[in-house]
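Quantities reported herein were computed from a predicted structural model and do not represent experimental measurements. In the text below, chain A, chain B and the rest are named by the order of the sequence lines, each starting its count at 1. FYI, side chains are in, hydrogens and waters are out, and symmetry mates aren't considered; it's all heavy atoms of this structure.
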Amino acid sequence: MNDITPLQDQLRLVPLEHYVFLCLVLFSIGLTGVLLRRNLINVFLSLELMLNSVNLLAVSFSVYYNDPNGQAFVFFVMVVAAAEVAVGLAMLVMIYRNVHTVDINALNDLKW
Amino acid sequence: MTAILFYILSAVCIISSILMIFHKNAMYSVLYLLICFFSVAGLFVMLNAQFLSIVHVIVYAGAIMVLFLYVIMFLNMSTPVTIRKSKLIMVIACFTGAMVCFVLTTALWATDFGSDPAIVDQNIGMASILGKYLFKEFLIPFEVSSILFLSAMVGVVIFNKKDYKDE
Amino acid sequence: MNILIIILLPFLSALLILLAGKDYSQRIALISAAASVIAIGVMMALFDKDATTITSIDLPWIKSMGVHFHLGADGLSLLMILICNVVTLISMYVSLGDTFSQHRLYFALLLLMQTFMNGVFTAQDLFLYYIFWELALIPAYFLLLIWGKGKDVKPATIKFFLFTLLGSLFMLVAIVWLGNIGSIADFSLATIYGLEIGTQEQLFVYGAFMLAYGIKTPLFPFHSWLPDTYTLAPAPVTIMLSGVMSKMALYSIIRFVLPVVPDAVEQYGIYVVYLATIGVMYASVIALTQKDLKRMFAYVSIAHVGLIAAGILTYSVLGIQGSLIQMAAHAINTVGLFFIAQILFRLKGNFDINCFGGLRQYMPVFAGLYMVIMFGSIGVPLTNGFVGEFIIFTSLYRLDVFAALIAGSGIILGAVYMLTSYQKIMLGPDTDTTLTDITNSDKTLLYCIACIVIITGLYPSWITSLCDVSVQNIIHPYLQK
Amino acid sequence: MNTIILLAVTGIFSMFSGIFRQKQLALPAILIAFILALGMLTFGWIGNYDDILNNMLIFDNLAINFSLVIIFISIFIFIMSQYYYSDDIEHLTDLFALFVFSIIGGILLVSFQNLTMLFLGTEILSIPLYILAASNRRNLASNEAGLKYYLMGSFATCFLLLGITLIYGAYGSFDLTDIHTALATQGISSLFLTGVVLILCSFIFKLSAVPFHFWAPDVYHGAPTVLTAFVSTVVKVAVMGALLRFMAFIGNYNSEKWVILFMLVSVATMIFGTIVSIKQKNFKRLLAYSGMANVGFVLIAILTAGEGSSGYILYNLTAYSIASILAFTIYSTIKSQTGIDTIKGISGLVTHNKLLATGLLVSMLSFAGIPPLAGFFGKYFIIFSAVKAGDTWLAVIAILTSVVAAYNYLRISAYVVNDNNSIPVLKITTRYRIFIILCIALIIGGGILPDQLFGLLH
């Protein structure tokens with residue numbers, strides 16, 4: 001423990017704030033993507049990006065706090081991401097068969 | 001050196017994700033996201049979370065992205081889809097994103113994380129420790145997530161199994 | 001004689017009508033209504049006038065909220081129940097003259113309405129009272145909705161319902177507040193009467209209650225639901241609404257507002273008196289311009305009810321006694337008037353005053369009885385309307401000369417338009433020679449009503465003596481403070 | 001925990017019964033399991049699993065009561081589903097299994113003690129619902145409902161996750177107890193505040209409260225009616241339970257901030273839900289908006305009564321749920337036999353279908369809050385808690401909106417008792433008749449004996 005490892009070095013050089021900031025930027029980009037795109041594939045990708053930024057955030061907290069809980073939590077985020085993507089893509093394929101487009105606004109029979 | 005690596009990876013991450021959300025062709029978006037994921041995996045390694053970084057590559061790059069590519073090819077959507085997009089929506093979306101980023105950042109700016117990462121156990125990212133956590137502390141969530149997978153599986157079957165009537 | 005009987009009797013009859021295999025609805029309804037009147041007669045005969053309150057049933061109902069199923073009656077309640085049941089009987093009798101689709105449901109709803117109104121008059125627990133109060137609205141709503149006539153019946157009915165619901169929900173807030181002042185939730189009247197409430201809070205409670213009662217009575221700015229509702233409703237329902245439902249609110253003012261928030265009444269009662277007297281004037285002026293007989297009677301009703309409310313809010317024994325007499329008189333008179341309107345409607349198929357004329361030659365008995373009832377309504381001496389109005393005016397005059405003057409001129413205007421319309425319908429050139437006098441059954445009912453008008457006019461003191469103890473109980477504790 | 005295991009086994013059994021072509025077994029098995037689960041919960045046989053629970057879940061009174069209500073309402077949903085899904089639908093047993101899985105998610109959600117479980121519970125509750133919403137494959141409206149629900153749900157999940165991670169970042173733990181201790185020692189940090197706001201946002205999303213309500217009407221309208229009933233009843237109970245737990249956990253800290261935020265949300269939800277519902281022509285959409293208004297109502301109780309409000313909330317939600325299941329059942333019967341789905345279309349229902357009309361009237365009057373129906377006490381308890389807490393103005397707003405909302409229900413009841421007889425005699429089976437009568441009896445009984453029901457829930 002008394003040796004200065006490369007990890008500790010790096011952690012000292014890059015403060016936690018920078019990780020947090022990176023995650024927030026990624027999250028916001030994902031958010032923008034969800035709002036911006038009407039191609040469903042892109043919307044799904046953006047959602048994935050948001051989940052990923054959360055993963056990164058959890059891991060960096062976990063490492064800086066020296067607590068494995070955060071990393072265990074990331075597993076569950078991955079589980080959910082995988083399940084959600086599977087359902088979403090299946091739904092996408094089904095809808096594509098019905099309407100032959102992936103435009104998010106193709107389905108607007110129902111008004112707000 | 002490692003610090004510089006962090007900034008490089010971050011830059012790659014951000015740039016590729018921005019490219020991802022703006023690219024017209026879904027196929028390219030997937031590839032950009034892939035780059036982003038790889039750099040996130042790199043960041044994981046830098047954080048000494050080796051096990052997670054491998055899992056991350058396997059799950060995201062190996063499974064989820066392939067699934068996306070498969071769907072894109074399956075639906076034959078590799079050509080750019082012409083999607084009408086009003087400028088207004090674009091502006092609003094970008095503005096919202098920027099606002100959320102701004103609000104979150106300012107909220108966190110003042111926070112003193114107060115943690116001196118001097119004493120870092122390098123082993124917490126190892127498979128052995130994480131495995132113990134998953135099967136001891138997180139046993140219940142681990143078990144119940146099986147229900148989640150089961151229902152996702154059922155869902156996929158329901159959505160895309162051919163009807164008897166179709167044939 | 002247990003008070004529960006007048007709740008259970010109509011309720012069970014209604015169930016019987018709905019569930020019986022065969023259709024005996026008319027018979028059951030009439031017998032039940034008559035039996036209720038007899039029951040209340042017996043109760044009044046046995047009533048010890050010096051007694052305060054007969055509690056007849058007191059069961060814990062919703063323990064967690066301190067609500068009891070507590071029924072009881074004093075002289076005041078007995079008077080109101082009497083009015084309610086007599087009017088119901090008349091209403092049933094009038095119903096026989098017309099045919100109604102789905103008449104089983106119709107009679108069942110009328111009986112249910114009677115049940116819940118009886119509940120309102122006998123509830124000794126504020127929460128229970130509120131529930132009966134709301135419940136009484138439901139049969140009225142459906143009666144109007146299903147059997148109301150005219151194109152606007154749906155919006156008018158919904159308006160009626162929403163108006164009253166709005167008022168009563170505010171009342172609910174006040175009731176909830178009152179019931180939870182103490183450490184344990186308790187809604188019983190005795191507890192509520194004993195509460196010490198600050199002036200500021202009294203004002204809120206007073207406002208909430210008066211909003212509910214102002215809408216239901218209705219007092220001047222809240223009356224807009226009434227003319228439509230009364231006009232569109234079938235005659236028996238109009239009779240129930242004008243005869244009993246408006247009394248529910250007036251009774252509640254005496255029972256709950258005066259004793260619970262005396263300071264607020266003392267300070268702000270005068271404003272309601274002004275509103276009420278302005279309402280008398282306003283309704284009378286509007287009534288002058290009406291061509292539709294039933295609508296005109298509706299405005300007459302607003303005017304009279306406004307006068308009664310003014311009398312109650314003078315907050316004096318005299319005013320309240322006068323109001324009680326006038327309540328009994330108003331119930332029987334408006335019922336008579338609306339019945340007369342219904343008879344006229346059966347003749348011509350509408351309520352337009354102008355299409356009648358010279359009826360007296362063909363139906364002398366009817367004309368005579370009409371005149372008696374109309375005199376009662378105007379308040380000619382020797383009829384029931386006179387005593388009450390006179391006492392109310394006296395008490396109003398003592399309180400505020402100005403209010404008395406406005407109300408008085410409103411009532412004089414009332415006499416003018418009533419007489420004018422009578423003249424148009426009964427006198428004047430004849431228009432139709434095929435008419436004959438009204439049927440015997442109608443005649444019987446009108447005779448009965450006319451008799452009540454005269455008898456009460458000659459001997460009104462039975463009301464005052466019946467209610468004297470209760471009124472003293474309501475007024476005196478405060479005056480002694 | 002025993003309940004969760006029992007339900008999971010039941011869900012899997014249901015799937016297998018489909019595979020082995022024994023579809024008819026699924027529904028009875030599920031109903032029996034539900035009744036067993038009710039019994040288990042009532043008699044406190046929840047099993048001792050402390051060594052593996054690790055404080056992930058807690059089965060306290062709140063959890064048990066909410067679970068009871070969730071399962072109780074689910075029984076009705078399943079009975080209703082019998083009249084909605086025809087027998088020959090292909091994936092019937094799978095759909096049933098999905099419902100059961102979703103219910104498990106609900107139970108996890110109301111008993112969470114660790115933010116991981118909050119997250120997983122939300123997902124287990126939601127993912128089956130996305131699938132169910134889109135399960136009517138040929139129907140574009142259903143597809144759209146599923147898609148919208150999915151997108152909005154995933155979006156909300158992202159916020160939930162970010163919030164959870166930020167709270168983790170603030171105190172280094174996912175465990176509510178640990179965080180509570182840390183809060184007491186370290187005080188509040190802006191990281192924590194941001195996290196809480198994000199989590200609350202996702203709750204608001206799930207509850208379809210203003211300002212994140214916009215997905216709800218479309219989803220409710222497009223999804224299969226059984227699912228709509230499920231989402232507007234069971235899901236709301238589960239999410240309210242979780243919210244109550246969460247609010248109780250953060251309640252002591254900066255209470256004014258949450259109170260103001262939630263007051264705004266609840267008032268806006270009530271007002272918006274009510275006003276928009278006036279304009280609706282479609283029956284299902286109207287119910288969706290009225291459900292939204294009810295959510296605003298329930299939020300008042302959370303605000304004013306805090307932890308003590310669970311009884312009020314449960315009573316309100318149970319009363320609301322039974323009435324809305326009744327309305328949805330009748331709606332789907334009318335829809336499937338005549339194709340009518342507008343409010344105007346049901347005019348004259350009373351002429352040939354006395355029972356259905358009575359049912360609809362009872363549920364509408366219960367929504368409108370007329371005593372002594374269950375809906376009245378549902379509203380009463382909320383107004384009571386507001387008045388008792390001194391927030392009389394909230395009670396006044398609640399009253400004003402509920403009067404406006406009553407207009408809707410009266411409008412419907414006015415159509416029901418209309419004279420025209422455009423709706424033919426609808427075919428209903430004896431069992432269906434019993435179901436409707438049971439619902440009516442519950443609504444009336446809940447109003448006449450609120451104490452007994454309330455005692456069960458408190």
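Listed by chain and residue number, A:Val25, B:Thr105 satisfy the side-chain contact (heavy atoms from CB on, under 4.5 Å) test with A:Phe21 (two or more places apart in sequence, or in another chain).
For A:Leu45, the parts sitting under 4.5 Å from any heavy atom of chain B are the backbone and the side chain alike. Heavy atoms closer than 4.5 Å to chain A are found nowhere in B:Phe95, neither backbone nor side chain. Contacts between B:Ala49 and chain A at a heavy-atom distance below 4.5 Å involve backbone atoms as well as side-chain atoms. With a 4.5 Å cut-off on non-hydrogen atoms, A:Ser53 does not touch chain B at all. Both the backbone and the side chain of A:Leu56 come within contact range of chain B, with heavy atoms under 4.5 Å apart. Proximity to chain A is limited to the side chain of B:Leu130, based on heavy atoms less than 4.5 angstrom apart. Neither the backbone nor the side chain of B:Tyr32 comes within less than 4.5 Å of any heavy atom in chain A. At a 4.5 Å heavy-atom cutoff, the contact between A:Leu31 and chain B is made by side-chain atoms alone. Proximity to chain A (any heavy atom under 4.5 Å) is shown, for B:Met153, by neither the backbone nor the side chain. In this structure, chain A has a heavy atom under 4.5 Å from the side chain of B:Leu134, while its backbone stays farther away. In this structure, the portion of B:Leu33 lying under 4.5 Å from any heavy atom of chain A is its side chain and not its backbone. Residue contact with chain A, scored on non-hydrogen atoms closer than 4.5 Å, involves the side chain of B:Tyr133 exclusively.
Most heavy-atom pairs under 4.5 Å with chain B, from the set A:Ser28, A:Ser62, A:Ser46: that is A:Ser28. The candidate with the highest count of non-hydrogen atom pairs below 4.5 Å against chain A, out of B:Ser10, B:Ser145, B:Cys13, is B:Ser10. Ranked by heavy-atom pairs under 4.5 Å with chain A, the list B:Val59, B:Ile14, B:Leu52, B:Val156 is led by B:Leu52. In terms of non-hydrogen atom pairs under 4.5 Å with chain B, the most contact-rich of A:Glu48, A:Gln71, A:Met91, A:Glu84 is A:Gln71.
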Identify all side-chain donor-acceptor contacts of residues 96-103 of chain B below 3.5 Å with residues at least two apart in sequence or on another chain.
| from | atom 1 | to | atom 2 | distance (Å) |
| --- | --- | --- | --- | --- |
| B:Thr96 | OG1 | B:Ile92 | O | 2.5 |

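Aromatic ring pairs are classed by plane angle as parallel below 30°, tilted from 30° to 60° and perpendicular above 60°; the pair A:Phe44 and B:Phe68 is perpendicular. B:Tyr28 and B:His23 have parallel rings, their planes meeting at less than 30° on a 0 to 90° scale where 60° marks the start of perpendicular.
No hydrogens or angles considered: a donor-acceptor pair under 3.5 Å links the side chains of B:Asn48 and B:Gln50. Between the side chains of B:Ser29 and A:Asn42, at least one donor N or O sits under 3.5 Å from an acceptor N or O.
To the nearest 0.5 angstrom, A:Leu22 atom CG is 6.5 Å from B:Leu43 atom CG. Once rounded to the nearest 0.5 Å, the distance linking CD1 of B:Ile64 with CG of A:Leu89 reads 9.0 Å. Rounding to the nearest 0.5 angstrom, the gap separating the SG atom in A:Cys23 from the CG atom in A:Leu57 is 4.5 Å. Atom CD of B:Glu137 is separated from atom NZ of B:Lys132 by 11.5 Å, given to the nearest 0.5 angstrom.
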